[in-house]
Amino acid sequence: MTTRVIIVDDQAMVRAGFAALLAAQSDIDVVGDAPDGAQGLELSRRTHPDVVLMDVRMPEMDGLEAARQLLDPPVGVTHRPKVLMLTTFDVDDYVYEALRAGASGFLLKDAPPADLISAVRVVAAGEALLAPSVTRRLIADFARRRPAPRKDRAALRLNGLTPRETEVLELIARGLSNQEIADTLVLAEQTVKTHIGRVLAKLELRDRAQAVIFAYESGLVTPGER
């Protein structure tokens, strides 16, 4: 199956370079590009891509607002693409807010070409793209500088998890991969995937990225802990 992609970035050379790289892949089809969030939103609604590569900072409408509108569309709009944020910084409040809005992850613009191709495939498959080391810095840095909202409500939602599911959520938030979680808890990787699915369903979270944020905001994981 071919993955349909659009690229939204205010730099023409970035759009052209990413488009050429991705279009060379037999399983990826670049169906358009746009120079700002507003045009990217319109393009997405018209072309229905599977994945939107979205720059964070752009004129007219930034990537954060565009991501919000794509992932929480108005009544009557049913298409919701996966959104992969592009940034030049590995710790960025805008990226954090985009993850809260439902973006599937983020990618540094200077990442190797193979990482870009892999990122599109990972996100298209429904997984969140969060490099463990960067995830820990990004979320922990933000959590240190801004108080977590309404822990009481989050705690009530945590009560619905089994002890094992709570353990799995904590390890996700610490940046462990499925295999690392399986090794830590002495479980099969497929069992870990099952637990993650249940955690997301019970907490009404869209994906792994939102699970990481929920764990920090609920107080399950405290910045600086290991």
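- Each side-chain hydrogen bond (donor to acceptor under 3.5 Å, both in side chains) pair with one or both residues in residues 2-13, not counting sequence neighbours, appears once here: Asp9-Lys109.
- Distance check: Met58 CE to Glu65 CD gives 11.0 Å after rounding to the nearest 0.5 Å.
- Atoms OG1 and CZ, from Thr184 and Arg174 in turn, are 11.0 Å apart once rounded to the nearest 0.5 Å.
- Note: Met61 CE to Arg68 CZ = 11.0 Å, rounded to the nearest 0.5 Å.
- Note that CD1 of Ile181 is 10.5 Å distant from CD of Glu170, once rounded to the nearest 0.5 Å.
- Here Glu189 pairs with nothing under the side-chain hydrogen bond (donor to acceptor under 3.5 Å, both in side chains) rule; sequence neighbours left out.
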Report task. Apply side chain to side chain contact (heavy atoms under 4.5 Å, CB included) to the pair Asp62 and Arg57, showing each step before the final yes or no. Result -> CA-CA 5 Å; Asp62 66 20; Arg57 295 186 175 92; 5.8 Å; no
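- The main-chain N or O of Ala114 is never found under 3.5 Å from a side-chain atom of Ser118 such that the two would form a donor-acceptor pair.
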Report task. Take Arg45 and Glu42, measure what salt bridge (charged side-chain N to carboxylate O under 4.0 Å, His left out) needs, and give me the verdict at the end. Result -> CA-CA 5 Å; Arg45 298 267 166 81; Glu42 188 278 330; over 6 Å; no
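- In this structure, the side chains of Glu180 and Leu171 stay at 4.5 Å or more apart for every pair of heavy atoms.
- Taking the side chain as every heavy atom from C-beta outward, Arg80 and Pro73 approach each other to under 4.5 Å.
- For the atom pair CG (Leu86) and CE (Met54), the distance works out to 9.0 Å, reported to the nearest 0.5 Å.
- With hydrogens and angles disregarded, a donor-acceptor distance shorter than 3.5 Å links the side chain of His79 to the backbone of Pro49.
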In residues 195-202, what donor-acceptor pairs under 3.5 Å come from side-chain atoms, sequence neighbours left out?
{"residue": "Lys202", "atom": "NZ", "partner": "Gly160", "partner atom": "O", "Å": "3.4"}
{"residue": "Lys202", "atom": "NZ", "partner": "Glu165", "partner atom": "OE1", "Å": "2.9"}
{"residue": "Lys202", "atom": "NZ", "partner": "Glu165", "partner atom": "OE2", "Å": "3.4"}

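- The shortest distance between side-chain heavy atoms of Val52 and Leu84 does not fall below 4.5 Å.
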**Report entry** Chi angles and distances behind the side chain to side chain contact (heavy atoms under 4.5 Å, CB included) call for Val212, Ile172
**Finding:** CA-CA 6 Å; Val212 171; Ile172 290 173; 3.8 Å; yes
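- Side-chain atoms of Gln25 come within 3.5 Å of backbone N or O of Leu21 as a donor-acceptor pair.
- Taking the side chain as every heavy atom from C-beta outward, Phe214 and Leu169 approach each other to under 4.5 Å.
- Crowding of Gln179 atom CD: a count of heavy atoms from other residues, nucleotides or ligands under 6.0 Å exceeding 12.
- You'll find the side chain of Val14 stays beyond 4.5 Å of the side chain of Ile7, heavy atoms only.
- When each of Val122, Ile6, Val5 is paired with Val51, the side-chain contact (heavy atoms from CB on, under 4.5 Å) condition holds for Val5 and for no other.
- No option in Val8, Val123, Val120 other than Val120 meets the side-chain contact (heavy atoms from CB on, under 4.5 Å) test with Leu53.
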